[in-house]
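Worksheet: the structure to be examined is printed underneath.
Order of listing sets the numbers, starting from 1, for every ligand and every atom in it. Quantities reported herein were computed from a predicted structural model and do not represent experimental measurements.
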Amino acid sequence: MHGWNGNILRMDLTKKKSSVQSYDKDFALKFLGGRGFAAKILWDELPKGVDPLSPQNKLIFATGPLTGLPLTSSGKIVVAAKSPLTGGYGDGNLGTRAAVNLRKAGYEAVVIDGKADNPTYIYIEDDTVEIKDAKDMWGLGTFAAEDELVQTHGRSVGVLIIGQAGENLVKFAPVLSQKGRAGGRPGMGAVMGSKNLKAVIIKGTKDIPISDPDGLKKLGKEGYADIKGKESYDFWIRQGTMMALEWANESSCLPTNNFREGVFDEAKGIDGYRMEELKVSRRGCPNCNMQCGNVIKDTEGEEAELDYENVGLLGSNIGLGDLQKVALLNKLADDWGVDTISAGNIIGFIMEASEKNLITDKYEWSSIEDARTLLEAMAFRKGFGNTLAEGVKYTSQKVGGDSHKWAMQCKGLECSAYDCHAAPGMALAFATSSIGAHHKDAWLISWEIATDRSGYNKEKVAKLIELQQIRGGIFESLVTCRLPWIEVGFSLDWYPKLLKAATGEDITFDQLLTTADRIYALIRCFWKREYPDFGRSWDMPPERWFTEPLTKGPLAGTKVDRTGYDNMLNWYYEQRGWDANGIPTKQKLEDLGLPDVAAALNIV
Ligand code: PTT
Ligand code: SF4
């Protein structure tokens with residue numbers, strides 16, 4: 001087979017045994033890689049009701065047919081498992097040398113189950129797979145532990161690692177790499193911690209089998225040049241994702257004071273221009289020529305890598321308008337291994353609960369000391385932090401009152417940095433995302449604001465589904481970074497050509513869209529299998545956006561219209577080929593080649 005190695009590495013930590021499972025071209029073409037492989041494996045192998053933090057859960061690192069090849073932004077990997085935060089399917093995507101090394105070691109994916117007796121790490125070097133002692137590293141932050149591992153194994157290895165939050169089973173602990181790349185918001189780091197697994201180290205020295213190596217090399221080179229020639233390239237290099245902050249504030253969608261408002265008076269103190277003044281270096285993922293990890297020094301004089309989401313949630317959402325203070329929180333979250341989005345969301349929630357006297361302890365908006373105390377409490381499960389570590393949905397159940405209305409989450413996953421009072425399509429995007437309230441599947445909001453912001457119509461729904469197909473389906477399965485396309489305009493036409501050169505297969509863009517639908521439907525069915533009542537009532541955004549209008553900025557008075565939202569949700573199900581309760585129909589599942597899934601759920 002070309003393009004795919006055709007191998008999945010299996011590691012059972014209980015039995016201390018590894019094996020290699022091969023797969024054929026049919027499987028590869030049907031599920032592509034990354035999220036597609038992960039969803040299929042979790043559907044096939046996880047019995048319903050498995051405790052996500054038990055040895056039975058499977059932690060999957062999966063690449064795709066374009067990962068690691070000499071082409072733009074191909075150094076990405078998907079990390080997936082049943083989520084301890086949501087109880088449904090969970091995954092994330094991070095850029096790391098481990099992605100490239102895994103493919104060069106001869107595998108597309110590693111599937112880890114069982115639980116080690118003691119803290120361990122896995123060392124993979126081509127065909128050699130070893131379980132090693134990590135006792136001395138347990139309790140260390142990701143920065144120190146990664147330094148130690150790189151010192152032992154050399155700079156060329158890829159490291160996937162958890163911090164203390166993952167060890168402490170914080171339900172929104174991600175997996176980290178390279179001191180600033182993080183993935184797996186719905187608690188993939190906690191799943192790793194539950195297996196007593198501190199890190200996975202990967203070194204690969206083989207060639208990835210390619211159908212047309214010269215053609216791919218040529219296309220890859222042309223692709224890099226195309227990106228460099230784009231009009232927006234220079235500005236991207238200057239600001240990266242941080243350029244979104246000014247836009248979000250001007251568009252009244254910058255989450256402010258726990259998503260109460262969409263404008264922040266002190267936005268200039270944390271925006272991309274402020275970041276440029278403080279910038280000391282730039283980092284990024286392998287194989288990328290538009291590296292976007294902008295680094296500044298925090299208030300302790302240490303380096304921190306910033307992204308829009310991190311600054312939106314740990315800055316404006318908690319009322320903090322000083323970028324170096326935000327950077328301090330960002331750095332601590334990266335070191336301790338806490339998801340910045342969920343953390344900023346929960347800190348904002350607690351500051352609001354304190355303001356409303358729903359809790360006795362006092363936490364003030366914009367206080368870096370209070371924010372740090374809360375972050376540390378959740379990462380180390382100290383005192384009340386033990387509740388916070390379960391996520392904002394659970395915390396709101398403990399806090400009580402009407403706080404469930406302003407616990408900003410969908411399906412248990414905290415919202416990323418887009419306030420949706422005046423963006424009903426984006427509210428629907430959060431609510432129908434396959435892992436909970438994450439923008440990764442459909443960042444509809446920039447299109448929505450540029451076209452028909454206040455509309456509730458079928459066109460908006462169609463655009464949402466198209467974005468979910470491209471972002472949540474195609475990019476998550478190829479697996480490459482989507483930012484060349486979405487941020488600088490690298491055309492989607494490149495991808496079938498790159499796939500042809502890599503695999504030798506003629507895979508049209510339409511076929512990729514169908515694959516995306518297959519993966520989305522399968523994930524939807526995973527949720528349904530876990531939760532018998534799963535359906536329409538699960539596809540709702542936080543109540544705040546329906547009931548409490550914005551009070552500041554040019555869009556003051558705006559909120560989401562419930563009838564308009566309900567109509568869009570109906571059209572969404574219709575256009576997806578799902579029933580009125582949001583469950584894929586038997587016909588749809590059969591059309592997608594998933595009749596066994598329909599049968600397993602008794603869908604008639
Ligand atoms: C992603 C989510 C995001 S999305 C951000 S910033 W963003 C946050 N980053 C965190 C961080 O940093 N540290 C931390 N402790 N927690 C963090 N949580 C948040 O996690 C990231 C880039 C970015 S920056 C984005 S949008 C794009 N995401 C991609 C994606 O999802 N798929 C894909 N094919 N390509 C993508 N390219 C871009 O990658 P999750 P990274 Mg991330 C420090 O993982 O779980 O998906 O949540 O991977 O290597 O850091 O690159 O404004
Ligand atoms: Fe990584 Fe940024 Fe490059 Fe994407 S654009 S591959 S996130 S450095």
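Between Trp485 and Tyr495, the distance separating the two ring centers is not shorter than 6.0 angstrom. You'll find the ring centres of Tyr418 and His439 inside the 6.0 Å limit.
Around atom 1 (Fe) of ligand 2, the protein atoms of type N, O or S found under 2.8 Å away are Cys285 SG, listed by chain and number.
With respect to the salt-bridge test (charged N to carboxylate O, under 4.0 angstrom), the residues Glu414 and Lys393 do not qualify. Salt-bridge formation is not detected for the pair Lys331/Glu305: no Lys NZ or Arg NE/NH1/NH2 atom is positioned less than 4.0 Å from an Asp or Glu carboxylate oxygen. The pair Arg471-Glu466 fails the salt-bridge criterion, with no side-chain N (NZ, NE, NH1 or NH2) lying under 4.0 Å from an Asp/Glu carboxylate O.
Applying the side chain to side chain contact (heavy atoms under 4.5 Å, CB included) test between Val159 and each of Thr96, Asp147, Val150 identifies Val150 as the sole match. Looking at Lys76, Lys440, Arg35 one by one, the single match for salt bridge (charged side-chain N to carboxylate O under 4.0 Å, His left out) with Glu476 turns out to be Lys440.
For Lys297, the NZ atom is loosely surrounded, since the number of other residues' heavy atoms within 6.0 Å does not exceed 12.
When heavy-atom distances to ligand 1 are checked against 4.0 Å, the residues falling inside are Lys76, Gly92, Asn93, Leu94, Gly95, Gly180, Arg181, Ala182, Gly183, Gly184, Arg185, Thr241, Cys285, Asp307, Tyr308, Glu309, Asn310, Ala333, Asp334, Val338, Asp339, Thr340, Ile341, His438, His439, Lys440, Phe475, Glu476, Thr480, Cys481, Arg482, Leu483, ordered by chain and number.
Put simply, the side chain of Val191 reaches to within 4.5 Å of the side chain of Pro84, judged on heavy atoms.
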